[in-house]
Structures are given as C-alpha cells and as structure tokens.
Novice: 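Before anything else, here's the structure in question.
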Amino acid sequence: QVQLVESGGGSVQGGGSLRLSCAASRSTSGIYCMAWFRQAPGKEREVVASISPYGTRKYADSVQGRFTISKDNAKDTLDLQMNSLKIEDTAMYYCAAKFDACYPSHRAFAYWGQGTQVTVSS
C-alpha cells in the first residue's frame, strides 16, 4: 500500500506555469504505475499523464507538449510541471497509483491523494 499527498495547486493566469508535487509514503520505482488525473465540474475524471514502473511516460493529447510528468525516486515524489496553462486546464488534480502496468482509467487505480485545485484565468 502507498499513501499519497498532493501539493502545489493554485490560481494562475493563462500562459502561466505551475508545478504540482505528490509525496508517496514509500518507493514506487519498479512497482507502481503513477499518474496525474484531473476532473472539472460536470466532466469525467481523465488521465493527464502517467509514468510506468520503469519510466515510460504518456500524456493526454490535450496537454502534450505543455505538461511534463517526472519522478524523483530518491525522494519518493511525483511531479507535474504545467506550462502554457489554458483556461481549459482548470480542474481538481489528483495523484494516483496502480500496481504494475499503467491503464488509462481512474477505476484501475487503487491509491489516491486528496487532490489539489488548479484554476487558470484569462
């Protein structure tokens, strides 16, 4: 099992940047798929970016080229660097973990952080 705690959310203007962090209670390297999800009011929770137990990264088309997911295995942290933010990026962002291989559905992830709000204004 692993506990997750997100931080770094806030309010920024369009075109700005934010860096979200997720602190894990144990090492996830070689064990878990780690991912960032987001959910806006009235919308389905969607995967933003994921990184496999061995470092393979994937991104949603909507954030490709703007967001970067990374892990610091020495610190047991997962980060999401968000650049060129758009109003459409406004959502609650969640850190999540799934044993073994990644799968692009929130229903496959067993471990979740509490969420951190990201608000982007024009």
Side-chain angles (χ1 to χ4, degrees):
Q1 296 185 356
V2 58
Q3 282 70 238
L4 307 170
V5 180
E6 305 100 327
S7 63
S11 182
V12 298
Q13 293 186 354
S17 299
L18 280 175
R19 188 177 184 89
L20 307 183
S21 294
C22 172
S25 62
R26 60 158 293 167
S27 174
T28 61
S29 180
I31 304 171
Y32 293 100
C33 167
M34 303 297 295
W36 287 97
F37 288 82
R38 68 184 182 188
Q39 187 167 26
K43 300 293 185 180
E44 182 180 357
R45 186 170 297 190
E46 63 175 350
V47 62
V48 175
S50 66
I51 183 166
S52 80
Y54 295 100
T56 299
R57 297 171 170 83
K58 290 188 176 181
Y59 299 92
D61 289 343
S62 60
V63 307
Q64 181 73 47
R66 299 188 297 120
F67 291 11
T68 302
I69 187 171
S70 62
K71 293 178 67 180
D72 185 335
N73 290 324
K75 298 180 179 179
D76 293 332
T77 57
L78 177 76
D79 293 336
L80 183 68
Q81 178 65 47
M82 304 185 293
N83 298 326
S84 301
L85 283 162
K86 304 175 180 180
I87 294 176
E88 306 93 273
D89 295 319
T90 296
M92 184 72 75
Y93 284 71
Y94 299 90
C95 174
K98 170 189 176 294
F99 179 72
D100 206 9
C102 292
Y103 189 82
S105 171
H106 69 272
R107 289 179 286 273
F109 287 74
Y111 309 105
W112 294 85
Q114 80 286 356
T116 185
Q117 179 68 38
V118 172
T119 301
V120 185
S121 61
S122 177

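Owing to the predicted nature of the structure, the values given are computational and were not obtained by experimental measurement. Residue numbers start at 1 and run along the sequence shown. What's counted below: heavy atoms across the whole structure, side chains too, no hydrogens, waters or symmetry copies.
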Novice: Restricting to ring-ring contact (aromatic ring centres under 6.0 Å, His included), what partner residues turn up for Phe37, sequence neighbours left out?
Specialist: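 With sequence neighbours excluded, Phe37 shows a ring-ring contact (aromatic ring centres under 6.0 Å, His included) to Phe109, Trp112, given in chain and number order.
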
Novice: Starting from Val120, walk the hydrophobic network (Ile, Leu, Val, Met, Phe, Trp, Tyr; side-chain heavy atoms closer than 4.5 Å) and list everyone else you reach, by chain and number.
Specialist: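 Noted: Val120 shares its cluster with Val2, Leu4, Val12, Leu18, Leu20, Ile31, Tyr32, Met34, Trp36, Val48, Ile51, Tyr59, Val63, Phe67, Ile69, Leu78, Leu80, Met82, Leu85, Tyr93, Phe99, Tyr111, Val118.
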
Novice: For the residue pair Ala91 and Ala40, what are the closest heavy atoms and their distance?
Specialist: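 Here Ala91 and Ala40 meet closest at CB-N, 3.9 Å.
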
Novice: Report the residues that fulfil side-chain contact (heavy atoms from CB on, under 4.5 Å) with Ala110, sequence neighbours left out, ordered by chain and then residue number.
Specialist: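 Testing Ala110 for side-chain contact (heavy atoms from CB on, under 4.5 Å), a comparison that skips the adjacent residues, returns none.
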
Novice: Who passes salt bridge (Lys or Arg N to Asp or Glu O under 4.0 Å) against Glu88, sequence neighbours left out?
Specialist: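 Partners of Glu88 by the salt bridge (Lys or Arg N to Asp or Glu O under 4.0 Å) criterion come out as none, since no residue qualifies.
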
Novice: According to side-chain contact (heavy atoms from CB on, under 4.5 Å), who are the partners of Asn73, at least two apart in sequence or on a separate chain?
Specialist: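 Asn73: side-chain contact (heavy atoms from CB on, under 4.5 Å) contacts with Ser29, Lys71.
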
Novice: If a pair satisfies disulfide bond (SG atoms under 2.5 Å apart) and one of its residues is in residues 33-75, list it, with sequence neighbours excluded.
Specialist: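 Counting only pairs at least two positions apart or across chains, the disulfide bond (SG atoms under 2.5 Å apart) contacts touching residues 33-75 are Cys33-Cys102.
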
Novice: If the condition is salt bridge (Lys or Arg N to Asp or Glu O under 4.0 Å), which residues does Arg57 pass it with, not counting sequence neighbours?
Specialist: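 Applying salt bridge (Lys or Arg N to Asp or Glu O under 4.0 Å) to Arg57 gives none.
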
Novice: Between Thr68 and Gln81, do the side chains contain an N or O donor and an N or O acceptor separated by less than 3.5 Å?
Specialist: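 Side chains of Thr68 and Gln81: no pair found under 3.5 Å.
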
Novice: How would you list all residue pairs meeting side chain to side chain donor-acceptor pair (under 3.5 Å) that involve residues 94-104, not counting sequence neighbours?
Specialist: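 For residues 94-104, and leaving out neighbouring residues, there are no side chain to side chain donor-acceptor pair (under 3.5 Å) pairs at all.
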
Novice: Report the residues that fulfil salt bridge (Lys or Arg N to Asp or Glu O under 4.0 Å) with Arg19, sequence neighbours left out, ordered by chain and then residue number.
Specialist: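 Salt bridge (Lys or Arg N to Asp or Glu O under 4.0 Å) list for Arg19, sorted by chain: Asp79.
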
Novice: Give the other cluster members for Val5, using side-chain heavy-atom distances under 4.5 Å between Ile, Leu, Val, Met, Phe, Trp and Tyr residues; answer none if it is isolated.
Specialist: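 When side chains under 4.5 Å apart are linked, Val5 ends up in no cluster with other residues.
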
Novice: Can you name the side-chain contact (heavy atoms from CB on, under 4.5 Å) partners of Asp72, sequence neighbours left out?
Specialist: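 Partners of Asp72 under the side-chain contact (heavy atoms from CB on, under 4.5 Å) test: Ala74, Lys75, Thr77.
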
Novice: Under the rule for side-chain hydrogen bond (donor to acceptor under 3.5 Å, both in side chains), what residues qualify as partners of Arg26, not counting sequence neighbours?
Specialist: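 For Arg26 there are no side-chain hydrogen bond (donor to acceptor under 3.5 Å, both in side chains) partners, ignoring immediate neighbours.
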
Novice: Under 3.5 Å, side chain of Glu6 to main-chain N/O of Cys95, donor-acceptor pair present?
Specialist: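 Yes.
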
